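To start, the structure under review is shown below, and the notes come after it.
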Amino acid sequence: MKSYFEPSELIINSDGSVFHLHLKPEQLADKVILVGDPGRVPMVASFFDEKECDVQSREFRTITGRFQNKRITVVSTGIGCDNIDIVLNELDALANIDFETRTVKPQLRQLELVRIGTCGGLQPNTPEGTFVASVKSIGFDGLLNFYAGRDEACDLAMEKAFVQHMGWKGAQCIAHPYIIDADKELIERVASEDMVRGVTIACGGFFGPQGRELRIPLADSNQNEKIMHFEYDGLRITNFEMESSALAGLARLMGHKAMTCCMVIANRLAGRANPNYKNSIELLIERVLERI
Ligand code: R1P
Ligand code: URA
């Protein structure tokens with residue numbers, strides 16, 4: 001690992017905040033809730049007893065405050081694993097790099113990261129409104145493949161079985177999936193008894209990568225059919241979203257605890273969707289705030 005991070009590698013704004021998030025080190029709590037939609041940030045913070053900061057930059061809105069004596073930061077990531085690369089690296093820098101000396105702090109500060117999102121359900125036990133906690137994430141996004149330690153962190157046997165099941169060989173291997181576990185203790189505590197334990201595919205897109213075909217045909221016309229029938233070690237793939245793999249993967253490599261839980265808003269089996277989900281996600285938010 002490098003011992004000093006040049007200004008081009010870790011960009012710090014003139015007010016001492018980190019480049020994209022515009023957050024300063026002292027504004028970050030150890031417990032962090034990540035949401036995709038910036039509009040979900042004030043929704044989470046509406047449960048806080050007090051707020052200490054509210055910072056907005058691009059799609060990244062951050063509020064830090066207190067919920068029942070717990071200091072919590074809620075931050076929006078926008079859509080996609082590319083944004084998770086920015087948010088996770090900047091949160092980790094805020095926690096573990098000294099901004100004065102631009103060197104790694106001697107003691108790891110471990111963050112607890114819980115993503116609250118929305119997703120598409122793929123199985124009979126994941127209709128609209130279901131809360132799914134991702135025990136494993138399958139990354140169709142490729143992000144973790146750029147980091148050393150990826151093979152040690154991932155479930156290589158399941159990756160092999162999945163690619164074989166999909167029949168994706170050579171040039172037809174349209175995704176090079178990486179499969180990564182969420183933090184087990186966090187899953188037990190936050191998912192508790194009332195969330196479905198699932199395997200989530202995090203896609204680099206909402207349409208083609210999730211098997212949605214509008215005017216352009218898919219490269220693999222049986223993609224979702226095969227995904228729904230994949231079984232490994234008693235596990236089935238339950239849902240599609242777009243961030244859980246990069247979150248679980250980067251957190252693992254950085255030494256943080258992370259998990260994703262999502263509310264199903266699109267039932268891909270039945271062909272139904274609930275676009276008016278915004279009020280019903282409050283129950284999921286309350287459960288995470290109680291348990292984080
Ligand atoms: C797509 O509509 C977005 O919704 C899901 C997906 O992961 C993607 O970000 O999560 P959020 O509701 O948290 O954004
Ligand atoms: N988010 C996704 O990524 N997919 C869905 O189907 C619904 C929400």
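Indexing begins at 1, ligand by ligand and atom by atom, following the structure's order. Keep in mind it's a predicted model, so treat the numbers as computed, not measured.
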Subject >> Residue that, paired with I33, satisfies side chain to side chain contact (heavy atoms under 4.5 Å, CB included) out of L113, V75, V74 >> reply: V74

Original post:
Is the closest N or O pair between E241 and ligand 2 shorter than 3.5 Å?
Top reply: no

Original post:
Between F162 and W168, what is the ring plane arrangement, given parallel below 30°, perpendicular above 60°, and tilted in between?
Top reply: perpendicular

**OP:** Note the single closest protein heavy atom to atom 1 (N) of ligand 2, along with its residue, its atom name and the distance in Å.
**Re:** T118 O, 3.5 Å

Subject >> Which residue and heavy atom of the protein sit nearest atom 1 (C) of ligand 1, plus the separation >> reply: F206 CD1, 3.7 Å

**OP:** Flag Q210 as yes when one of its N or O atoms lies below 3.5 Å from any N or O atom of ligand 2, and as no otherwise.
**Re:** yes

Subject >> Residues T200, N239; criterion side-chain hydrogen bond (donor to acceptor under 3.5 Å, both in side chains); working and verdict >> reply: CA-CA 5 Å; T200 301; N239 58 324; 2.7 Å; yes

Subject >> E100 atom CD: more than 12 heavy-atom contacts under 6.0 Å >> reply: no

Subject >> Residue G117 vicinity, atoms of ligand 1 by number, heavy atom under 4.0 Å >> reply: 13 (O)

Original post:
Side-chain donor-acceptor pair under 3.5 Å between T118 and Y277, yes or no?
Top reply: no

Original post:
Are there more than 12 heavy atoms of other residues, nucleotides or ligands under 6.0 Å from atom CD of Q107?
Top reply: no

**OP:** Can you sort out which atoms of ligand 2 are near M242, meaning under 4.0 Å from one of its heavy atoms?
**Re:** 3 (O)

Original post:
In the protein, which heavy atom is nearest to atom 6 (O) of ligand 2, and how far is it?
Top reply: R212 NH2, 2.6 Å

Original post:
What atoms of ligand 2 come within less than 4.0 Å of a heavy atom belonging to A266?
Top reply: 6 (O)

Subject >> Distance from atom 4 (O) of ligand 1 to nearest protein heavy atom, with residue and atom >> reply: T118 OG1, 3.1 Å

Subject >> K160 atom NZ, over 12 foreign heavy atoms within 6.0 Å >> reply: no

Original post:
Considering only the protein, which heavy-atom contact is closest to atom 10 (O) of ligand 1, and what is its distance?
Top reply: R115 NH2, 3.0 Å

**OP:** Check C119 against ligand 2 and report side chain, backbone, both or neither, counting heavy atoms closer than 4.0 Å.
**Re:** backbone

**OP:** Salt-bridge test for K51 and D54: reply yes if a basic N is under 4.0 Å from a carboxylate O, no otherwise.
**Re:** no

Subject >> Nearest-contact summary for atom 14 (O) of ligand 1 - protein heavy atom, Å >> reply: G36 CA, 3.4 Å

Subject >> Residues D194 and S192: side-chain donor-acceptor under 3.5 angstrom >> reply: no

Original post:
So does K226 pair up with D220, basic N to acidic O under 4.0 Å?
Top reply: yes

**OP:** Give the numbers and elements of all ligand 2 atoms closer than 4.0 Å to a heavy atom of F240.
**Re:** 2 (C), 3 (O), 4 (N)

Original post:
Can you tell me which residue and heavy atom of the protein come closest to atom 6 (C) of ligand 1, and the distance to 0.1 Å?
Top reply: E243 OE1, 3.6 Å

Original post:
Do the numbers put R212 on top of the ring of F206, so that NZ or CZ is under 6.0 Å from the six-membered ring centre and no more than 45° off the axis?
Top reply: yes

**OP:** May I ask you to check whether Y277 has an N/O atom sitting below 3.5 Å from an N/O atom of ligand 1?
**Re:** no

Original post:
Going by the order shown, which atoms of ligand 1 are within less than 4.0 Å of some heavy atom of R40?
Top reply: 11 (P), 12 (O), 13 (O)

**OP:** Provide the number and element of each atom of ligand 1 under 4.0 Å from a heavy atom of E241.
**Re:** 7 (O)

Original post:
Which atoms from ligand 2 have a heavy atom of G120 less than 4.0 Å away?
Top reply: 4 (N), 5 (C), 6 (O), 7 (C)

**OP:** Answer with side chain, backbone, both or neither: which part of E243 has a heavy atom less than 4.0 angstrom from an atom of ligand 2?
**Re:** neither

**OP:** Identify the heavy atoms of N13 and V18 that sit nearest to each other, and give their distance.
**Re:** ND2-O, 3.1 Å

